[in-house]
Amino acid sequence: MNERITAQISSHRFLALPFALWAVLFIVLPLFFVLGTGLTNEAGDVTLANLLTVLQSEYLRALGLSVELALASTFICLLLAYPLCLILREKRESRGLLVFLLFLLPLWMNSLLTTMAWQTILEKHGLINMFLSYLGLPAVHLINTPAAIIIGMVYNFLPYMVLPLYVSLSRIDESIVEAARDLGANFWQTLRHVLLPLSLPGIVSGCTMVFIPALTTFVISALLGGNKVLLVGNIIEQEFTAAYDWQLGSALSMVLMVFIILNILLEAFADSGEQRKKGRP
Amino acid sequence: MKMELRYFLSLLVLLLPFTLAGCDMFAQEEDEGEDILYVYSWGDYISEEVLEQFEEETGIHVVLDEYDTNESMYPRIAEGAEAYDVLCPSDYMIDRLIGKGLLQPLDFDKLPEARKNIDPDFFLQARAFDWDGKYTVPYCWGTVGIMYNTKLVDEPVESWSILWREKYRDNILMQDSARDAIMIPLKLMGRSMNTTKPEYLMAARDMLVAQKSLVQAYGVDDIRDKLSSGEAALGVIYSGEAIRLMKSNPDLKFQPAPEEGTNVWIDGWVIPKNARHVDNAHKFIDYMCRPDIAAENFRSLGYSTPNTAVRAQVEEELGDMVELAFPPEKVYKNQESYSYLGEELDKLYTKLWLQVKVS
């Protein structure tokens, strides 16, 4: 049975050709362009100078800040999404679906627009501060701070956390959870020893899907950071536009790619661990 | 294994024509149609009605792309990725484009309105960056000044040093453009804005780093909205934006030339070397110099114009803002304009500005 399906799939392999073509043209080839530009100077000679420039303090500082903010927003997304998905898992009827759709809603709106909306919410005379002053409370300073950027990231990327978490949590067999309860496990024990380990792949892929866009964003930091908080994405953008130094921009992109590859390896590792467990009789 | 090899080969065969012919194919496609003009200009820099009227009168379709700094415009021209027909860079950037051989001389026989209406003084002034006067028709000019909200600033604004005052913490907006930002501390220290001495530039950087905690945001076009809505007390803007802003918010006042001196800039129309609709480009530049069009354009934008025919037409409507629109000599006399400093200093500027922003 299984073999027949495999044989069928391999005989239809040419169907993957359009995607392979796409991948080579628009993913692999550009990556080589980036590598080529990053490792050469303006005259076209191979050099490591661009990579060494990236190791200067101003670039490292922006990179460090980017990693810091991306980690923070990933963590907050996880904290927000996990309880939500636990609740959604319990009630799988239509109401659960409605709540689930509500959380995906930001995905259907242009992220530039939602970020600009956040600008007017967080501003000095924005909605939050208007509300606070109406209550007679002191104003909070949010706009153009790292906190504002984290808020923007969490809002924009939360759906990417909810999706894989919901899928992996709702796939857990209810009888396993019931068995745990029958054996006397309370809610926390069930969570810790059953639900968390079984949903680990969802957690890992959710974290990857939030961490990578958060690490590379430049729109959110430009709009909500007032160009005062510079992330590595902003520097890359400026190297390609204002500074007209494509070599340096490419070198920075390469450094950033190292982080992304590490992240993907982590996910692949978690996935393969999961499959090994399932494969056991 | 054999199968895979076959797929790989067929993939290569499919790819080959793309990579070989790709570039030419697309380039030719774009060239279709003569009644078109690709304009690359500053954001909000040409009135929409004026553009529509041009399309109606000539039947030439205008494709307008916009940029927000000279520096972000330059790579697209230097790479030649897009062939624009008309550009509107500032003085020092025109200098750089000419130096790199990226512009073509204008045919002034095709520009009767420009010869008739543009103040000869400005053609003369333009020789500072366009040495032979062959490439540029001046379009707008102005200074870099301070816009302030009189509800939040109760003292006269006469010096750049007000931007360093603790009192206005989180109420100051600075330009997110290396040259305009570094010019200010240079002038405060009594240096030339075209200085080539790295130690002066580094001192200027240190002043900007010290100022950073007082700054609310670094911006370009968004500065206007924030000043207009009262989100900030002080902002560095170009003089041409002042009139429109003051109409939108009567609490705003403008200081066009702080006492330490400021930058006088001229933006001009130029035609890139790789332009494909050169005739249309000349028609467009000449059209923009027509008195009725220049006046209409001025009404909707408010940038000072070197067009001598405009002042008489709009003087009455302006009332007490006439001095802002057509600054008296004392505002721009003896002020400096940027000159292009060469690639090495360009890199230094970028680096110093980056250091300010990550500090």
Side-chain angles (χ1 to χ4, degrees), chain A residues 10-11 13-25 28-29 42 53 56-66 116 119-120 123-126 129 139 141 143-145 148 221-232 234-235 237-246 248-249, chain B residues 3-4 6-8 10-12 14-15 18-19 22 67-79 96 169-171 173-179 181 212-220 222-223 225-226 229-233 343 346-347 349-359:
Chain A
S10 70
S11 72
R13 235 154 143 196
F14 66 92
L15 285 177
L17 199 65
F19 174 73
L21 197 70
W22 177 275
V24 170
L25 262 182
V28 180
L29 219 60
E42 267 167 82
T53 317
Q56 283 174 5
S57 65
E58 52 261 36
Y59 297 102
L60 287 183
R61 199 183 298 186
L63 194 64
L65 186 66
S66 304
M116 283 166 102
Q119 210 174 8
T120 56
E123 262 175 358
K124 247 190 350 185
H125 303 295
N129 281 334
H141 177 58
I143 193 76
N144 306 334
T145 62
S221 44
L223 285 176
L224 299 177
N227 288 317
K228 265 180 87 181
V229 188
L230 224 61
L231 298 188
V232 72
N234 302 83
I235 298 186
E237 190 245 0
Q238 286 187 357
E239 293 297 341
F240 276 95
T241 57
Y244 192 36
D245 192 340
W246 290 18
L248 194 55
Chain B
M3 278 281 257
E4 273 162 30
R6 214 176 66 199
Y7 284 123
F8 183 70
S10 54
L11 201 105
L12 264 185
L14 269 168
L15 265 175
F18 269 106
T19 42
Y67 53 83
D68 54 10
T69 59
N70 282 303
E71 284 72 19
S72 63
M73 177 266 312
Y74 181 78
R76 293 180 72 173
I77 303 306
E79 286 300 309
R96 184 177 183 188
R169 174 177 285 272
D170 205 28
N171 249 329
L173 299 171
M174 291 288 283
Q175 282 286 331
D176 187 7
S177 135
R179 288 216 68 170
K212 193 180 175 190
S213 68
L214 308 180
V215 174
Q216 184 187 100
Y218 299 99
V220 188
D222 46 335
I223 290 186
D225 302 328
K226 288 181 178 160
S229 68
E231 185 72 13
E343 247 156 64
D346 235 21
K347 285 224 160 101
Y349 259 90
T350 314
K351 190 179 159 169
L352 294 176
W353 185 229
L354 183 67
Q355 286 170 345
V356 172
K357 295 225 293 182
V358 297
S359 68

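Chain letters run A, B, ... following the sequence lines, proteins first, then strands; residues in each count from 1. Values in this document were obtained by computation on a predicted structure and should not be read as measured data.
Within the 3.5 Å criterion, the main-chain N or O of B/Gly230 finds no donor-acceptor partner in the side chain of A/Lys124.
With a threshold of 4.5 angstrom between heavy atoms, B/Tyr74 approaches chain A through side-chain atoms but not through N, CA, C or O. Neither the backbone nor the side chain of A/Asn234 has a heavy atom closer than 4.5 Å to any heavy atom of chain B. With a threshold of 4.5 angstrom between heavy atoms, A/Tyr59 approaches chain B through side-chain atoms but not through N, CA, C or O. The parts of B/Ser72 that come within reach of chain A are both its backbone and its side chain, each placing non-hydrogen atoms under 4.5 angstrom from that chain. If you measure heavy-atom distances from B/Asp170 to chain A, the contacts under 4.5 Å come from both the backbone and the side chain. Proximity to chain B is limited to the side chain of A/Gln119, based on heavy atoms less than 4.5 angstrom apart.
Each of A/Glu239, A/Gln56, A/His125 has some count of heavy-atom pairs under 4.5 Å with chain B, and the biggest count is that of A/His125. Among the candidates B/Asn70, B/Asp176, B/Leu173, B/Asp222, the residue making the largest number of heavy-atom pairs closer than 4.5 Å to chain A is B/Asp176. Of the listed residues (B/Met73, B/Lys226, B/Arg76, B/Glu79), the one with the most heavy-atom contacts under 4.5 Å to chain A is B/Glu79. Considering only heavy-atom pairs separated by less than 4.5 Å from chain A, the leading option among B/Thr69, B/Val358, B/Thr350 is B/Val358.
Partners of B/Lys347 under the salt bridge (charged side-chain N to carboxylate O under 4.0 Å, His left out) rule, at least two apart in sequence or in another chain, are A/Glu42. In this view, B/Gln355 and A/Glu58, B/Arg205 satisfy the side chain to side chain donor-acceptor pair (under 3.5 Å) rule, not counting sequence neighbours.
The two atoms that bring A/Phe240 and B/Pro75 nearest to each other are O-CG, 4.1 Å, heavy atoms only.
In this structure, the separation between OG1 on A/Thr120 and CG on B/Asp225 is 11.5 Å, given to the nearest 0.5 Å. Annotation: the span from B/Met174 atom CE to A/Asn227 atom CG amounts to 13.0 Å, rounded to 0.5 Å.
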